[in-house]
Chemist: 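A single structure is presented below for examination.
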Amino acid sequence: MPRSVNHVASKARRKKILKLTRGYFGARKNVWTVAKNTWEKGLLYAFRDRKNKKRNFRALWIQRINAAARLEGMSYSKLMGALHKAGIEINRKVLADLAMNHPEAFKAIVAKAKAA
């Protein structure tokens with residue numbers, strides 16, 4: 001009896017991954033084993049960097065808040081402590097946006113924090 005192989009399914013599976021690796025350099029786009037390894041590694045990088053993205057943005061927001069706070073004569077840590085003491089609950093993302101795009105609103109928040 002001849003060997004039965006489901007070539008339709010296996011070819012479709014390979015084709016699916018080769019389609020995902022289009023645009024890669026050299027053998028990474030058209031050699032099955034290299035393309036598969038590259039694609040799998042890419043998934044690992046994507047998972048890792050979704051976490052790193054959150055870290056990087058938080059660090060960026062803190063730098064922006066610190067720079068704006070120092071223009072007002074305060075350090076970042078003093079400002080955050082004063083905001084907490086004043087009961088002003090505003091997250092770093094919004095605070096950094098205010099510092100960058102609406103400096104007068106940021107100054108008002110800093111003044112309110114200093115007063116408390």
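Sequence positions, counted from 1, serve as the residue numbers for this chain.
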Chemist: Decide whether Met74 and Ile90 are clustered together by the hydrophobic rule: side chain heavy atoms of Ile, Leu, Val, Met, Phe, Trp, Tyr closer than 4.5 Å, transitively.
Modeler: yes
Chemist: Do you know which two heavy atoms are closest between Arg28 and Tyr24, and how far apart they sit?
Modeler: CB-CB, 3.7 Å
Chemist: For Glu89, give me all partners under salt bridge (charged side-chain N to carboxylate O under 4.0 Å, His left out), at least two apart in sequence or on another chain.
Modeler: none
Chemist: Using a 3.5 Å cut-off and no angle test, enumerate the donor-acceptor pairs between side-chain atoms of residues 7-17 and protein atoms at least two apart in sequence or in another chain.
Modeler:
residue, atom, partner, partner atom, Å
Ser10, OG, Asn6, O, 3.4
Ser10, OG, His7, O, 3.3

Chemist: Please list, one pair per line, the donor and acceptor atoms closer than 3.5 Å that link side chains of residues 60-68 to other protein atoms, with sequence neighbours excluded.
Modeler:
residue, atom, partner, partner atom, Å
Asn66, OD1, Arg70, NE, 3.0
Asn66, OD1, Tyr76, N, 3.2

Chemist: If I compare all heavy atoms of Ala82 with all of Ala113, which pair ends up nearest, and what's the gap?
Modeler: CB-O, 3.7 Å
Chemist: Less than 3.5 Å apart, which donor and acceptor atoms pair up between the side chains of residues 48-55 and the rest of the protein, not counting sequence neighbours?
Modeler:
residue, atom, partner, partner atom, Å
Asp49, OD1, Asn52, ND2, 3.3
Asn52, OD1, Arg55, NH1, 3.0
Asn52, OD1, Arg55, NH2, 3.1
Lys54, NZ, Arg50, O, 3.0

Chemist: Counting only pairs under 3.5 Å, give me each side-chain donor-acceptor contact of residues 32-46, with atom names and distances, residues two or more places apart or in other chains.
Modeler:
residue, atom, partner, partner atom, Å
Asn37, ND2, Thr33, O, 3.3
Thr38, OG1, Val34, O, 2.7

Chemist: Show me the side-chain donor-acceptor pairs of residues 94-111 shorter than 3.5 Å, one per line, residues at least two apart or across chains.
Modeler:
residue, atom, partner, partner atom, Å
Asp97, OD1, Asn101, ND2, 2.6

